[in-house]
Amino acid sequence: MNLATGGKAVVDATGSLNIYTIGPSLDEPDDPDAWRRLVLSDVLARHLVKSGAQVKVAVGLADLDDRTLSSARAAGLSRADYVAGVVQRITKRAQSLRLLPETIFEPASASVPKALDICRKLLGKGQAYEKLRSVYFDVRRDKRYGNMHLMDMDKLSVGKTVDLDDYVKDNPLDFTLLKRATLQDLKLGDVIETEWGNVRPSWFVQIAVAGLSALGRVDVLVAGEDHQFPHLENLRVVWSAAGVEPKAWLADRKLAREEGVTLDLDTLISQTGGNADSQTGGAGGLRLWLLSAAYRKPLSASTQSLSMWARNWHKVQETACGLRLALGAGGGKDVPEDVAQAVFDLKAGLAAALEDDLSLHRYWPKLFTFVKLVNGWLSAGNFPGVAASLCLQQLEAADAVLGILDLSQMPVACDCLPADVRALVEEREAARKAKDFAASDSLREKLSGCGFRVEDTAQGPRVYSL
RNA sequence: GGCGGCAUAGCCAAGUGGUAAGGCAGAGGUCUGCAAAACCUCCAUCCUCCGGUUCAAAUCCGGAUGCCGCCUCCA
C-alpha cells in the first residue's frame, strides 16, 4: 500500500485496523470522485477483513462548513434538517454501492466539544493563537510540518494569487482551527459559543474530529488528490495533538472528465447498468467502473469507457449466472485439471493484485481470461457440476472483496420457480419446439407480466426474476 | 511564476533494461425463429518528439511539446 509520504507502507493485518475516508462534501453528496475513494477504501477494508484483521471503517462528513451552510440556506432548510437529509441520501448510496454495512458515516457536528478540547490543547501548547476571534494553527511551531513529501515548504509561492492583506493570520501558511462566525451564522444559530467568541470549526478540525469520534484511532487515511496539500498536513497536526498518528496515508486521483458527459451518479448507474430490465444491476457496474483503473491514475469518464465497463460487468455477471445454472449438472466427481488451473490462476491473480498496492487493474485481465474459459466450457456443454461449483465458489470469493456481482439478478433454477410460472416456461418451450413463435412471444410477455424474464440458451431457457 | 504527476492503437489500459497483457469498438466466421449472449480468427515492427547511455530502452538520463493536480479562500 502506498504511503503519501513516499514509499510503501506494509500494514499488519493481524491486529485491528481503522480506516478513515474523507467523505463527499455535503453540498455535493454524489461527487463521483468521493465515491471512487469510498469504494476503494471499501475494497481495502473487505480485503483486510478477509485477511483476518479486525477492521473499523468510517467516513468523515464536514457538516459545519460554509458549503454545507450555504446549501442548506439555498434549500431553505435548517442546517440540521439539511444534513439529516443528505446523510440519509449518502447512506442509501453506500448501500447501493455495497459498502460494508458497518461503515460509519460520521458528521463533525456530533463532536464539537472534542474539537474545542483539541483547540484548547493546541493553544495551551502555544502551537495555536487567537486573532480577531478566530483561532489559527501556527505552522512554524510544528517541526514536521511539510515533511510529507507533498510539497516543498520553502518553495511555496505564497500569496501568488491572493492579496495577503485580506488575512489576519500571522503567517499566510497558518491554517484556521476555529473561524469566527458571520452575522448570518449567528442569526441562524449556526455557531458555537466559546471563550474565543462565536465560531465554527474549520474543515480540518471537523474532519479530524469526526474521525476520532467514529474510530478513536485512525490507522489508514484515504483521501483524494486535491486533499494532498495542505489538508493532509493539517489533519496530521490536529490528530497529533490528540495523540493519533496514522500509519498510512493514501490519495487517489480524480476522474478524467470528458466534456458533455454527465457525472451524476444516477445517470452513471443507468449508463453502466446492464440491460434495460434490470432495476438494480447498474450499481455493480458503477462499482466495477470506479475500481477499473489504478487508483493513482485518473479514471476515464468518457462515454466509451463507461459503456466498455458496463459490458465488462455484464460479461462477468452472465458467467456467474451460467455457472449457477450449471451447478446441478452431473458429469463425474472430479474437477478437470484445466478447470482447477483456471480457478487457481484467478485466485492467485486477485491475491497478488490486492497485496501489491490494491492494483485491481491488474486483476481484470485475469478475470476476463477466466470468464472466457468458463464461457467456452459452458457453451461446449457437459461441464461437470462439481467444476461449475468450484468456479462459482471462486468467483463469489473474489466478489466478497470486489462487491460487483448482483446476486439478486441471478437466474432462477427451474425447480425453484413458482408452479404457475414454471408451467408458463414449459408451455413456451413446447411452443418453441413446435415453431409456434407467436405463442412463444406472447408467453414471454406473460412471463414478464409475472415478473420474470426469459433468455433462451443452448442449455434451455434461463429465467430471471425482474 | 514555482512544485509534482502523466503522455502506449479509434477508445480505455498493463507493462521500470531483453524485444508490446487485457478489454471496448471494428472486420470475418460458428451458433441462432425472435431477443440476448457466447465461442473462434484478425486488428501497434512499435510506445508524443529530439538527443544521449547501453550489446540491448516504451522502460534509464537530458531537452522540447502537450495535458492534469497543487501552490489561495471555502477547508
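Reminder, nothing fancy here: chain letters follow the sequence lines and each chain counts from 1.
Look at CH2 on W309(A): it is 10 Å from P on A13(B), rounded to the nearest Å. Taking atom CG on D356(A) and atom P on A14(B), their separation rounds to 13 Å, with Å as the unit. N234(A) has its CG atom 13 Å from the C1' atom of C71(B), to the nearest Å. With rounding to whole Å, E318(A) atom CD is found 11 Å from C39(B) atom P. Rounded to a whole Å, the CZ atom of F437(A) is 12 Å from the P atom of U32(B). Distance, H227(A) NE2 to C70(B) P: 10 Å, rounded to whole Å. Rounded to an integer number of Å, the gap from CG of D27(A) to P of A75(B) is 10 Å. Straight-line distance from the NZ atom of K446(A) to the P atom of A35(B): 23 Å, rounded to whole Å.
Regarding contacts with the backbone of G33(B), every side-chain N or O of K433(A) stays at 4.0 angstrom or more from both OP1 and OP2. Side-chain nitrogen and oxygen atoms of R200(A) include none within less than 4.0 Å of the OP1 or OP2 phosphate oxygen of C74(B). In this structure, N312(A) does not reach the G23(B) phosphate: none of its side-chain N or O atoms is under 4.0 Å from OP1 or OP2. For the pair R362(A) and G15(B), the criterion of a side-chain N or O lying under 4.0 Å from OP1 or OP2 is met.
Across every non-hydrogen atom of L299(A) and S292(A), the tightest pair is CD1-OG, 3.3 Å. Across all non-hydrogen atoms, the minimal contact from V425(A) to P461(A) is CG1-CG, 3.9 Å.
At a threshold of 4.0 Å, the pair R462(A)-E318(A) counts as salt-bridged, since one of the basic side-chain nitrogens sits closer than that to a carboxylate oxygen. A salt bridge does not link R428(A) to E445(A): none of the charged side-chain nitrogens sits closer than 4.0 Å to a carboxylate oxygen. Using a 4.0 Å cut-off between charged nitrogen and carboxylate oxygen, R296(A) and D357(A) count as a salt-bridge pair. The pair R140(A)-D138(A) meets the salt-bridge criterion, with a side-chain N (NZ, NE, NH1 or NH2) lying under 4.0 Å from an Asp/Glu carboxylate O. Under the 4.0 Å criterion applied to side-chain N and carboxylate O atoms, E225(A) and K254(A) are not assigned as salt-bridge partners. A salt bridge is absent between R200(A) and D190(A): the closest approach of a Lys/Arg side-chain nitrogen to an acidic carboxylate oxygen does not fall below 4.0 angstrom.
Listed candidates were C39(B), A35(B), G22(B). Nearest to the side chain of F368(A) is G22(B). Counting only heavy atoms from C-beta on, K372(A) has its side chain closest to C39(B) among C24(B), C39(B), G33(B). Looking at the side chain of M308(A), the nearest of the listed nucleotides C71(B), C24(B), C34(B) is C24(B). The side chain of P365(A) has A21(B) as its nearest neighbour among A21(B), A75(B), C12(B). The S300(A) side chain lies nearest to A13(B) when the options are A13(B), A75(B), G69(B). Nearest to the side-chain atoms of D226(A) among the listed nucleotides G69(B), C34(B), C24(B) stands G69(B). Distances from the side chain of D456(A) to the nucleotides C34(B), C70(B), A38(B) place C34(B) closest. Here A25(B) is the nucleotide among A75(B), A25(B), A35(B) with the atom lying nearest to any side-chain atom of R311(A). When distances run from any side-chain atom of S379(A) to the nucleotides C39(B), G15(B), C71(B), the shortest one goes to C39(B). Checked against C74(B), G33(B), G69(B), the side chain of D66(A) finds its nearest nucleotide in C74(B).
A256(A) comes within 4.0 angstrom of nothing in the nucleic acid, heavy atoms only. No contact: K366(A) has no heavy atom under 4.0 Å from any strand. S292(A) comes within 4.0 angstrom of nothing in the nucleic acid, heavy atoms only. Residue-level contact check: R432(A) touches the bases, meaning some heavy atom is under 4.0 Å from a base atom.
Between G62(B) and G26(B), the distance separating the two C1' atoms is 41 Å to the nearest Å. Distance check on atom C1': C67(B) versus U72(B) gives 23 Å, rounded to whole Å. Taking the P atoms as reference points, U59(B) lies 26 Å from G23(B), given to the whole Å. For the C1' atoms, the distance from G69(B) to C42(B) is 40 Å, rounded to whole Å. For U48(B) and A13(B), the P atoms lie 14 Å apart once the distance is rounded to whole Å. Taking the P atom of each, C71(B) and A58(B) are spaced 37 Å apart, rounded to whole Å. For C55(B) and C49(B), the C1' atoms lie 26 Å apart once the distance is rounded to whole Å. When the C1' atom is used for both A37(B) and C31(B), the distance is 11 Å, rounded to whole Å.
Below the 3.5 angstrom threshold, one finds no donor paired with an acceptor across the side chain of R296(A) and the base of G5(B). Contact of T369(A) with G22(B) (side chain to base): no donor-acceptor pair of N or O atoms is detected under 3.5 Å. With hydrogens and angles left out, the side chain of H231(A) and the base of A75(B) share a donor-acceptor pair within 3.5 Å.
Between L373(A) and A293(A), the residue anchored nearer the 5' end of RNA chain B, judged by the nucleotide with its closest heavy atom, is A293(A). Residues T176(A) and E225(A) both approach RNA chain B. Their nearest nucleotides, taken by heavy-atom distance, put E225(A) toward the 5′ side.
Pairing of C42(B), defined by two Watson-Crick or G-U wobble distances under 3.5 Å, is identified with G26(B). In a base pair of the Watson-Crick type (N1 to N3 plus N6-O4 or O6-N4) or a G-U wobble (N1-O2 and O6-N3), with each distance short of 3.5 Å, C6(B) is matched with G66(B).
More than 12 heavy atoms of other shown residues, nucleotides or ligands fall within 6.0 angstrom of atom CZ in F437(A). Around the CZ atom of R73(A), the shell of radius 6.0 Å holds more than 12 heavy atoms that belong to other residues, nucleotides or ligands.
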Distances for protein N/O vs nucleotides 6-10 of chain B N/O pairs under 3.5 angstrom?
residue: G10(B); atom: N2; partner: Q304(A); partner atom: OE1; Å: 3.4

key: Verdict with reasoning, H314(A) to W309(A), per ring-ring contact (aromatic ring centres under 6.0 Å, His included)   = CA-CA 8 Å; H314(A) 224 65; W309(A) 285 101; over 10 Å; no
